[in-house]
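Here the structure comes first, spelled out in structure tokens, and everything after it is commentary.
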Amino acid sequence: MDTAELPAARPAAPARRAAALRRAARELGLVAALFLIYKAARVAGADRGSTAVGNGEWIWRVERLFHLPNEAAFQRPVLSHELLVHLANGYYAYVHFPATAICLIWLYVRHPVRYLWTRRMLAGLTAAALALHFLVPLAPPRLTALTGMVDTGSRYGPAVYGPPDTDALSNQYAAMPSLHVGWALAVAVALITVTGGRLRWLWLAHPLATLLVVVTTGNHYWLDGIVAAVLLAVVCLVLRRPRTGDQPTHPPTQRPGGWPRQRVRAPRAQPGHPPRRADAGDVVRTP
């Protein structure tokens, strides 16, 4: 028997598990580092309140010029139903990061190629958004007196932000673009690409609900969501699209001679002889 024909031995199960854990830890560390950079960059540009309020008033006037719906008129009917206000505040506070994290974890486990594409898409969108946050500080409607909008978080709870002048954890003058809307739309795009059937378009309910929530709670203008969608479209055009169908996490094992390891097939028995079982040397090779 030619020992060169033997298929390469597969790594032991503990070694495979250890490698998988190392990859998962590396990805988790990378995502955590990106999040910390995002938070640090937001806080670094949080001291331009007067400029941000002036920009907020300008955005408000531009929206009226283009006949976009009035955010305050949209908020008023919701304020008359306290339950709706609590639901909107809860969605804003508790859905944004968990939904994105769950999507990334699921893609990492089930669709690794799409996971990498989605991670790059989110990183590109966030980097572009941070650049705009530095260039154009923008106060949200709840901090722009001209809008007449209510800060539903501080009035009804749960509140995500404290007073903007003393908030050391976030930059509240970074409304343009809305990363709540941008990340929600990125999650929907990723999930639509890996699911089938007409029902996959229901994933768009997440970014739509997010847009309505950020406007209702006074945290964003309509234009903040529109700009986020445009930036995401640009990032998707720049990124190389993943190949059709996910590729396996590990490539096929190659033996030293260059032939990929193939499934062993039992040889046919000669006439008048009982069937013979395949042994390790009976390897079927395909050119």
Please check if atom CZ in Arg200 has more than 12 non-hydrogen atoms from other residues, nucleotides or ligands closer than 6.0 Å.
-> yes

Verdict with supporting geometry, Arg142 and Glu71, salt bridge (Lys or Arg N to Asp or Glu O under 4.0 Å) = CA-CA 10 Å; Arg142 59 185 174 81; Glu71 288 90 347; over 6 Å; no

Under 4.5 Å between any side-chain heavy atoms of [X] and [Y], yes or no?
X      : Y      : answer
Asp224 : Val181 : no
Gln75  : Asn70  : no
Tyr156 : Leu79  : yes
Val53  : Leu143 : no
Trp183 : Phe97  : yes
Val227 : Leu132 : yes
Leu179 : Leu125 : yes
Thr147 : Tyr221 : yes

Gap separating the [atom1] atom of [X] from the [atom2] atom of [Y], nearest 0.5 angstrom:
X      : Y      : atom1 : atom2 : answer
Trp203 : Leu191 : CH2   : CG    : 5.0 Å
Leu199 : Ile192 : CG    : CD1   : 11.5 Å
Arg114 : Thr193 : CZ    : OG1   : 4.0 Å
Leu185 : Leu232 : CG    : CG    : 5.0 Å

Can you tell me if [X] uses its side chain to pair, donor with acceptor, with the backbone of [Y] under 3.5 Å?
X      : Y      : value
Asn219 : Val214 : no
Arg64  : Arg61  : no
Glu63  : Pro69  : no
Ser154 : Asp151 : yes

Lys/Arg cation over aromatic Trp117: Arg119, 6.0 Å, 45° cone | no

Transitive ILVMFWY side-chain link Val213 to Leu68, under 4.5 Å | yes

Once the angle between the rings of His180 and Tyr92 is folded into 0 to 90°, is it parallel (under 30°), tilted (30 to 60°) or perpendicular (over 60°)?
-> parallel

Ring geometry between Tyr91 and His206 (parallel below 30°, tilted from 30 to 60°, perpendicular above 60°) = tilted

Have Asn89 and Thr217 got a donor and an acceptor in their side chains that come within less than 3.5 Å?
-> no

